[in-house]
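A short write-up of the structure that comes next.
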Amino acid sequence: MYSLRTVIPPYFNTLENFKRLKGIIRLFIQFRESKAQLLKGVEDSEASPPSKPRTRSPLHDQLHQQFVNLFNEMNSTSKKPDTNVFKADILLAALKSDSYLFQREVRGYSPEDIAEALYEMFVL
């Protein structure tokens with residue numbers, strides 16, 4: 001089983017938050033590229049009927065918390081911290097296999113293009 005430590009090296013915690021966000025997005029995309037079948041299998045096993053809430057893997061939960069923490073740091077003066085949970089949800093939705101593969105295969109974006117676009121969406 002994979003944990004967040006498998007994807008994100010420990011030294012990332014010493015970088016400033018904007019660089020960490022960009023780095024984590026890039027590292028996860030690299031991980032997604034190299035482990036596409038594994039991640040697809042995990043996501044498929046998490047699927048549930050639309051009437052029931054989706055279950056999540058420990059890796060998803062760890063990555064979600066990492067993104068929420070980063071958004072909290074980046075927006076420490078925000079009056080609506082709950083939007084950071086929403087941002088993390090949307091970012092992870094964009095990184096799910098179906099969304100990611102649509103961007104790669106149908107739209108023709110490279111992994112670098114996707115990483116940069118996601119970063120810009122959440123920072124600019």
Side-chain angles (χ1 to χ4, degrees):
M1 179 184 307
Y2 287 91
S3 73
L4 199 54
R5 291 173 201 208
T6 307
V7 181
I8 302 169
Y11 69 84
F12 262 65
N13 290 330
T14 63
L15 299 175
E16 66 182 44
N17 49 30
F18 291 97
K19 288 181 182 177
R20 276 189 290 156
L21 177 63
K22 187 176 234 177
I24 290 170
I25 291 170
R26 285 191 171 153
L27 283 171
F28 188 77
I29 286 176
Q30 289 171 356
F31 181 75
R32 171 160 296 294
E33 288 285 322
S34 67
K35 307 288 185 198
Q37 291 300 320
L38 171 73
L39 289 172
K40 181 71 173 138
V42 169
E43 290 171 0
D44 287 347
S45 71
E46 294 172 352
S48 61
S51 61
K52 293 183 180 180
R54 294 180 64 111
T55 58
R56 298 175 315 241
S57 69
L59 178 60
H60 175 278
D61 289 342
Q62 291 172 14
L63 199 53
H64 185 271
Q65 190 59 53
Q66 184 79 16
F67 285 133
V68 169
N69 292 344
L70 275 170
F71 290 136
N72 285 341
E73 289 175 29
M74 292 163 61
N75 304 309
S76 60
T77 60
S78 173
K79 294 179 179 156
K80 294 185 176 185
D82 291 341
T83 61
N84 294 330
V85 171
F86 177 76
K87 286 180 185 179
D89 289 341
I90 297 303
L91 179 54
L92 285 171
L95 291 169
K96 286 189 99 37
S97 292
D98 55 347
S99 299
Y100 181 78
L101 290 175
F102 178 81
Q103 296 303 321
R104 290 278 284 128
E105 296 171 0
V106 176
R107 299 289 186 227
Y109 293 119
S110 71
E112 296 79 20
D113 293 336
I114 295 169
E116 193 63 31
L118 287 170
Y119 174 75
E120 288 176 5
M121 280 177 49
F122 291 97
V123 173
L124 299 180

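Any value given below was found using the heavy atoms of this structure, including those in side chains, with hydrogens, waters and symmetry copies removed.
- Once rounded to the nearest 0.5 Å, the distance linking CD1 of Ile114 with CD of Gln103 reads 6.0 Å.
- Remark: Ala94 engages Leu118 in a side-chain contact (heavy atoms from CB on, under 4.5 Å) (not counting sequence neighbours).
- Residue-environment remark: OH (Tyr109) stays at or below the threshold of 12 foreign heavy atoms within 6.0 Å.
- Between His64 and His60, the ring-plane angle classifies as parallel under the 30° and 60° cut-offs.
- Residues Lys96 and Phe102 fail the side-chain proximity criterion, which asks for heavy atoms closer than 4.5 Å.
- The two residues Ala88 and Val68 make their nearest non-hydrogen contact at CB-CG2, 3.6 Å.
- In this structure, the separation between CZ on Phe67 and CG on Asn84 is 13.0 Å, given to the nearest 0.5 Å.
- The closest donor-acceptor contact from the side chain of Arg32 to the backbone of Leu95 lies under 3.5 Å.
- Distance check: Asn69 CG to Leu21 CG gives 12.0 Å after rounding to the nearest 0.5 Å.
- Rounding to the nearest 0.5 Å gives a distance of 7.0 Å between CG of Leu63 and CD1 of Ile24.
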### Task
Walk me through it: do Phe71 and Thr83 pass the test side chain to side chain contact (heavy atoms under 4.5 Å, CB included)?
CA-CA 9 Å; Phe71 290 136; Thr83 61; over 6 Å; no

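- Counting only residues at least two apart or on different chains, no salt bridge (Lys or Arg N to Asp or Glu O under 4.0 Å) pair has a member in residues 85-95.
- Applying the salt bridge (Lys or Arg N to Asp or Glu O under 4.0 Å) rule to pairs touching residues 115-124 yields Lys22-Glu116, Arg26-Glu116, sequence neighbours excluded.
- The shortest side-chain heavy-atom distance between Gln30 and Pro111 does not fall under the 4.5 Å cut-off.
- One distance of note links CZ of Arg104 with CD of Glu33; it measures 4.0 Å at 0.5 Å rounding.
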